[in-house]
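First comes the structure, then the notes that go with it.
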Amino acid sequence: MSKLVAQTREQVRTAILDALGRAIAAGELAAEPISGFNVEVPADRANGDFSSNAAMASARAFKKAPRAIADAILKHMDLSGTYIDRCEAAGPGFLNFYLKDSFFADVVTDVLESGTSYGSSDYGKGKKINVEFVSANPTGPMHMGNARGGALGDCLAAVLEKAGYQVSREFYVNDAGNQIEKFGLSLDVRYTQICRGEDAAELPEDSYHGEDIKERAQEFYDLNGDKYMDVSVEERRKALIDYALPKNIENMHTVLDKYRVYYDTWFLESTIHKDGELQETLALMKGKGLTYEKDGALWYKATEHGGEKDEVLIRANGNPTYFAADIAYHRNKLEVRGFDKAIDIWGADHHGHVARMKGALEAIGIDPSRLDVILMQLVRLTRGGEVVRMSKRTGKAITLNDLFEDIPVDAARFLFNMREPESQMEFDLDLAVEQSSQNPVYYCQYAHARICSILRRLEADGVTPRKCTREELCRLNAPEERELIRHLSALTDEIILAAQKYDPARITRYCVDLAGLFHKFYNECRVSVEDESLMQARISLCLCVKETMKNVLTMLKLEVPDRM
């Protein structure tokens, strides 16, 4: 939390504890241990700037009605030297605390002095977190689920960094296993059809039927002609995969770069197979008695570790399963590379995989709480109130690349983070391109641009911002000014809560609320007034909002325009 909010909360807690101690010493409350209690910011500011349940929490210990305990606390309360102006008892015994003018003045000073670091904290204590997201199958183009996952994962990583964690963004490339064999078969059929005609080979129902497979096969033919028809199937498929897979991965890099999603690590699944880590992990599981052989396959005793059924690790044909590679991959993240925590963002259809993965980690001796999985719901694209499934340009399913040809990246990154990950969402394509206050990202960017415009007009009138005294900043006491400053003071708390709950939507909502409160302030409180001290105080508040909005938009990798 911001240092002022944290300091004030601690002042409230100390004042309550001291008051309880004095009430006990005076014989007004029983000499019993003081129960734990909360100091919170109430949702309704009519209930104070801070509120505590100390009286209710102590009722059993003191064997008194909470209201009587609250009255005893008030009687012995000393608020001198704090940011608290007064305390009142309310309802059954809540303690409501109201802030002094100096708190609001000092928040403004704190924001201006902190500058680009405002909102940052050391909450995470530098712990190492791996955030793995998107990790789309490299056998085809990325889709709308990847669009939401990219925005969510990247913005979550940014929130965690701001909250004091050491974060590594990771893309896991599934370049081994069944899907790659299927990829090779699909390319082989399309290549054969190009070389020998449509009837020369038939594409199996469960292979890849997308136009992208045809395009890659055609590119391969354009480079090599039909010479690979004279080699073995294995050699031909390997050549097709070796050509097409790097192209697809390169395309992923290109599209994600457009999305401003940059990874620290592109981790190839094939490395786990090549460097022996998969075999190491399997040997570890065998050594712990976690496996058995049946029908020529190697099985994991998943039912002994929370699974619904036992799982195959090595198929009868000798090929490892995706699950086996996944266990080795997570062991690599948590044990070999030593991340304190791994956060995976998966589609909601992976729900059943979470428990079995955590069970497998526990079985091999890794604390399963070190893996957190965010299950992300699907996205429905809409236009004109109707669900959109096909690209107007291609007439095919909309890919991530298609999306960026239709809407700005800023809109995509912001709007995909307007809802909690586990909630289903509709993405309104019309709203994403609308330049009005109805578009949340435009609304936030406009607030920043509007402040820049205000400052330019003042400069044209010969007014230069200057540092204000505390007394001058205390004059920011209109309800709209106080509400705006309270919201500014909450940024660090919001970032920490977003990091705790893995919910960057808290930050986009904070941003929208900040813009709304600024516009409300600007409409009610003229900045350019004859009273120079009040004008400078209001200029300082404008600069606070400008700096905070810039910090948040920059954190989310959004543009911060000076003019709109």
Side-chain angles (χ1 to χ4, degrees), residues 130 132-142 146 149 170-191 204 206-208 210 212-213 216-217 220 232-253 256 263-286 291 296-300 311-337 342 344-347 349-350 353 356-357 360-361 364 371:
N130 178 289
E132 184 226 317
F133 58 104
V134 179
S135 297
N137 195 326
T139 57
M142 289 183 283
N146 305 136
E170 184 151 312
F171 191 115
Y172 182 53
V173 183
N174 301 125
D175 67 332
N178 269 359
Q179 75 274 11
I180 298 301
E181 289 183 12
K182 190 189 293 186
F183 184 52
L185 181 151
S186 305
L187 289 164
D188 186 12
V189 170
R190 293 306 190 196
Y191 175 65
D206 66 342
S207 52
Y208 297 121
D212 55 292
I213 297 291
R216 288 283 176 259
F220 184 81
S232 68
V233 170
E234 291 76 21
E235 186 179 342
R236 182 167 61 248
R237 290 184 183 175
K238 182 180 184 304
L240 282 159
I241 291 168
D242 288 348
Y243 169 78
L245 194 61
K247 287 274 187 186
N248 283 5
I249 293 171
E250 183 185 342
N251 277 357
M252 288 175 162
H253 279 269
L256 288 165
Y263 290 92
D264 299 290
T265 304
W266 287 74
F267 192 101
L268 301 179
E269 180 189 344
S270 57
T271 59
I272 289 172
H273 298 257
K274 291 173 183 173
D275 68 7
E277 277 195 61
L278 176 59
Q279 292 307 318
E280 254 180 50
T281 303
L282 292 172
L284 174 66
M285 295 179 79
K286 288 176 185 176
T291 64
L298 182 69
W299 293 72
Y300 159 55
E311 304 283 352
V312 176
L313 297 174
I314 302 292
R315 298 183 184 90
N317 63 7
N319 291 338
T321 62
Y322 180 85
F323 184 47
D326 220 14
I327 297 170
Y329 172 52
H330 283 85
R331 177 171 167 260
N332 172 278
K333 285 199 272 195
L334 294 168
E335 290 291 291
V336 178
R337 286 187 280 161
D344 293 351
I345 299 177
W346 296 346
D349 57 334
H350 287 73
H353 190 49
R356 67 177 187 160
M357 178 52 62
L361 289 176
I364 63 174
L371 169 65

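When a residue number appears, it is its place in the shown sequence, counting from 1.
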| query | For H330 and D344, what are the C-alpha separation, side-chain angles and deciding distance, and is it a side-chain hydrogen bond (donor to acceptor under 3.5 Å, both in side chains)? | reply | CA-CA 10 Å; H330 283 85; D344 293 351; 2.5 Å; yes
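- Taking CG of L282 as the start and OH of Y300 as the end, the distance is 12.5 Å to the nearest 0.5 Å.
- Judged by the 6.0 Å and 45° rule, R356 forms a cation-pi pair with F323.
- With hydrogens and angles disregarded, a donor-acceptor distance shorter than 3.5 Å links the side chain of S135 to the backbone of Y172.
- In this structure the side chain of W266 reaches within 4.5 angstrom of the side chain of H253, judged on heavy atoms.
- In this structure, the side chains of N178 and R315 come closer than 4.5 Å at one or more pairs of heavy atoms.
- A salt bridge between K333 and E132 is present, with a side-chain N of the basic residue lying under 4.0 Å from a carboxylate O of the acidic one.
- Under the 4.5 Å side-chain criterion, counting only non-hydrogen atoms from C-beta, E181 is in contact with N319.
- I180 and A176 make their closest contact through CG1-N, 3.3 Å (heavy atoms, listed as atom of the first residue, atom of the second, distance).
- Rounding to the nearest 0.5 angstrom, the gap separating the CG atom in L334 from the CD1 atom in I364 is 9.0 Å.
- A donor-acceptor pair is defined here as one N or O able to donate and one able to accept, closer than 3.5 Å; such a pair exists between the side chain of D175 and the backbone of S270.
- Taking the six-membered ring wherever Trp is involved, the centroid distance between the rings of Y263 and F133 falls below 6.0 Å.
- Without hydrogens or angle criteria, T321 side chain to V312 main chain gives a donor-acceptor distance under 3.5 Å.
- To the nearest 0.5 angstrom, Y208 atom OH is 4.5 Å from K182 atom NZ.
- Here CG of L268 is found 10.5 Å from CZ of F171. Values are rounded to the nearest 0.5 Å.
- In terms of modelled atom types and a separation under 3.5 Å, the side chain of D188 and the main chain of R237 share no donor-acceptor contact.
- Proximity of L245 to P138: side-chain heavy atoms (C-beta onward) are separated by under 4.5 Å at one or more points.
- Here the side chains of I213 and F183 are in contact, with some heavy-atom distance below 4.5 Å.
- The two residues Y243 and R216 have their closest heavy-atom pair at CE2-O, 3.8 Å.
- Note on ring orientation: taking the six-membered ring where Trp is involved, the planes of Y191 and F220 are perpendicular (angle over 60°, cut-offs 30° and 60°).
- Note that CD of E277 and CD1 of I327 are 13.5 Å apart. Values are rounded to the nearest 0.5 Å.
- Closest non-hydrogen pair, L313 versus A324, comes out as O-CB, 3.5 Å.
- With a 4.5 Å cut-off on side-chain heavy atoms, I272 and T281 do not count as touching.
- Across all their heavy atoms, L185 and S207 have their closest contact at CD2-CB, 4.1 Å.
- At least one donor-acceptor pair under 3.5 Å links the side chain of Q179 to the backbone N or O of N174.
- Between R337 and N130 there is a side-chain heavy-atom pair separated by less than 4.5 Å.
- Contact check for V173 versus M252: no side-chain heavy atoms found under the 4.5 Å cut-off.
- Between K286 atom NZ and L298 atom CG the span is 5.5 Å, to the nearest 0.5 Å.
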